[in-house]
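Input: a single structure, listed below in structure tokens.
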Amino acid sequence: MGNRKRPPEISRGYNHQKLEFQRNVLRWLIDNIGWRFLANIDTVEGVENLPATGAAILMINHIAFIDPIVVLGNLPRNIVPLAKSEVFWIPVWGIFPWLWQVIPVRRQELDRKALQLALDVLAAGEIILVAPDGTRRPAMAQGKEGVAYLAYKSGAPVIPVAIEGTRGYPRFPRGHGPGAQIKLGKPFRFKRLSKRPSREQLRQMTDEALYLLAGMLPEHRRGYYSDLSKATHEYLVT
């Protein structure tokens with residue numbers, strides 16, 4: 001980023017309540033202004049699978065830039081996404097992650113600081129949003145192990161969230177074509193082991209989780225996880 005300042009960091013001892021008013025104002029703007037310009041929303045299913053209180057991890061497929069906004073703007077609780085650090089520097093749009101205190105992730109490396117910040121948010125009983133692909137794609141790639149690490153370390157449930165219909169958004173004007181569809185699957189956790197999981201175990205945990213998500217998607221979105229017969233369930237507790 002040259003000489004630019006780094007994105008803001010969520011401090012240790014994270015207290016979501018201090019941000020509630022600020023985030024609720026932003027949500028009002030999304031609800032009352034954003035959807036008039038950004039995207040049509042067709043359906044939101046499975047909201048009953050989102051816990052009313054306590055920590056959780058939303059795990060999404062990522063097909064368009066707007067996906068995290070579509071999810072956090074249409075669920076009843078405030079959600080803290082993890083996002084590539086570059087989004088903080090997008091003109092105009094970049095003010096949103098600054099104000100929301102999105103967790104910045106440096107994608108070119110194993111970002112331990114971002115993982116710790118995510119664990120701090122979960123420890124505060126809040127919800128984070130993760131796209132294991134690491135970037136938007138028309139079909140799923142093999143996911144990174146961070147989602148399994150965060151879920152195992154925190155003990156928080158993982159909720160797979162299937163997204164469809166966001167390609168081409170945001171549009172100006174929004175238009176009248178098909179809108180976004182969001183579907184939340186049933187939550188699951190990973191089995192507790194007698195010792196810290198190895199990298200190979202985290203790899204399998206991640207793939208098992210993403211096969212669940214792939215099963216919620218149309219075939220052309222499954223990508224790396226197209227063959228659902230390869231799915232295992234050794235580490236999943238549903």
Side-chain angles (χ1 to χ4, degrees), residues 9-28 30-31 44-62 67-83 97 99-105 111-132 143-163 182-193 196-197 201-202 205-206 208-213 215-216 233 235-238:
E9 296 178 353
I10 298 173
S11 63
R12 298 299 302 273
Y14 169 79
N15 184 347
H16 179 77
Q17 294 304 318
K18 292 181 180 179
L19 293 168
E20 277 290 89
F21 176 78
Q22 186 167 307
R23 286 179 174 153
N24 286 336
V25 170
L26 292 172
R27 286 190 62 131
W28 185 92
I30 292 171
D31 291 342
V44 181
E45 301 178 28
V47 176
E48 68 276 7
N49 292 320
L50 186 76
T53 60
I57 299 171
L58 299 184
M59 178 183 68
I60 67 168
N61 64 302
H62 195 6
D67 293 339
I69 303 294
V70 167
V71 174
L72 70 85
N74 285 280
L75 295 181
R77 293 182 61 188
N78 285 337
I79 294 160
V80 184
L82 280 73
L99 293 174
W100 194 273
Q101 284 208 23
V102 167
I103 299 172
V105 179
D111 194 339
R112 297 183 185 279
K113 186 171 290 186
L115 292 174
Q116 184 57 59
L117 293 173
L119 289 171
D120 290 345
V121 175
L122 291 169
E126 303 302 332
I127 300 176
I128 64 171
L129 182 149
V130 178
K144 296 178 172 60
E145 296 94 333
V147 64
Y149 172 82
L150 291 171
Y152 187 86
K153 181 82 171 176
S154 67
V158 181
I159 302 165
V161 182
I163 301 173
I182 307 165
K183 184 175 182 179
L184 281 68
K186 292 190 178 300
F188 64 88
R189 286 182 167 87
F190 291 109
K191 290 180 181 177
R192 306 309 298 177
L193 306 178
R196 186 172 64 181
Q201 288 171 317
L202 288 173
M205 289 176 178
T206 301
E208 289 184 354
L210 287 170
Y211 270 117
L212 282 182
L213 177 56
M216 298 168 57
H233 300 84
Y235 295 106
L236 300 182
V237 179
T238 57

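This structure is a prediction, so every number in the text was calculated from the model and none was measured.
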task: Before giving the answer on side chain to side chain contact (heavy atoms under 4.5 Å, CB included), spell out for L210 and M59 the whole-Å C-alpha distance, their side-chain angles and the decisive distance to 0.1 Å.
output: CA-CA 9 Å; L210 287 170; M59 178 183 68; 3.9 Å; yes
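- Taken to the nearest 0.5 Å, the CG atom of L50 stands 5.0 Å off from the CD1 atom of I159.
- Taking each heavy atom of A118 and L82 in turn, the nearest pair found is CB-CD1, 4.2 Å.
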message: Apply side chain to side chain contact (heavy atoms under 4.5 Å, CB included) to residues K144 and Y149 and explain how you reach the verdict.
response: CA-CA 10 Å; K144 296 178 172 60; Y149 172 82; over 6 Å; no
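- A cation-pi arrangement is absent between R189 and Y152, since the terminal nitrogen or guanidinium carbon is not both under 6.0 Å from the aromatic centre and inside a 45° cone about the axis.
- A distance of 8.5 Å separates CG in N61 from CE in M216, rounded to the nearest 0.5 Å.
- Just one residue in the list P160, P157, P187 forms a side chain to side chain contact (heavy atoms under 4.5 Å, CB included) with N49, and that residue is P187.
- For the atom pair CE of M205 and CD of E145, the computed distance is 11.5 Å after rounding to the nearest 0.5 Å.
- The local environment of CZ in R192 is crowded, with over 12 non-hydrogen atoms from other residues, nucleotides or ligands closer than 6.0 Å.
- Scanning all heavy atoms of the two residues, the minimum distance from V105 to A114 falls at CG2-CB, 3.9 Å.
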task: List the steps and the verdict of side chain to side chain contact (heavy atoms under 4.5 Å, CB included) for V25 and L99.
output: CA-CA 10 Å; V25 170; L99 293 174; over 6 Å; no
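- Considering only heavy atoms from C-beta on, N78 comes within 4.5 Å of E20 through its side chain.
- The nearest pair of heavy atoms linking I57 to S154 is CD1-OG, 4.4 Å.
- The structure places CD1 of I128 at 4.0 Å from CG of L122, a figure rounded to the nearest 0.5 Å.
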message: Test side chain to side chain contact (heavy atoms under 4.5 Å, CB included) on L119 and L150; report intermediate values, then the result.
response: CA-CA 7 Å; L119 289 171; L150 291 171; 3.8 Å; yes
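- The side chain to side chain contact (heavy atoms under 4.5 Å, CB included) with D67 is formed by just one residue from the set I163, L129, V161; it is I163.
- Taking both residues in full, the closest heavy atoms of L75 and I79 are given as CD1-CD1, 3.7 Å, listed atom of the first, atom of the second, then distance.
- Residues L184 and G46 share a closest heavy-atom pair of CB-O, 3.3 Å.
- For A131, the side-chain contact (heavy atoms from CB on, under 4.5 Å) criterion is met by I60, H62, not counting sequence neighbours.
- R27 places a side-chain N or O within donor-acceptor distance of the main-chain N or O of R77, the cut-off being under 3.5 Å.
- A donor-acceptor pair under 3.5 Å is absent between the side-chain atoms of R23 and the main chain of V80, judged by distance alone.
- Annotation: the span from L115 atom CG to D120 atom CG amounts to 11.0 Å, rounded to 0.5 Å.
- When all heavy atoms of F190 and A148 are compared, the closest pair comes out as CE1-CA, 3.9 Å.
- Atoms CD and CG, from E208 and L236 in turn, are 4.5 Å apart once rounded to the nearest 0.5 Å.
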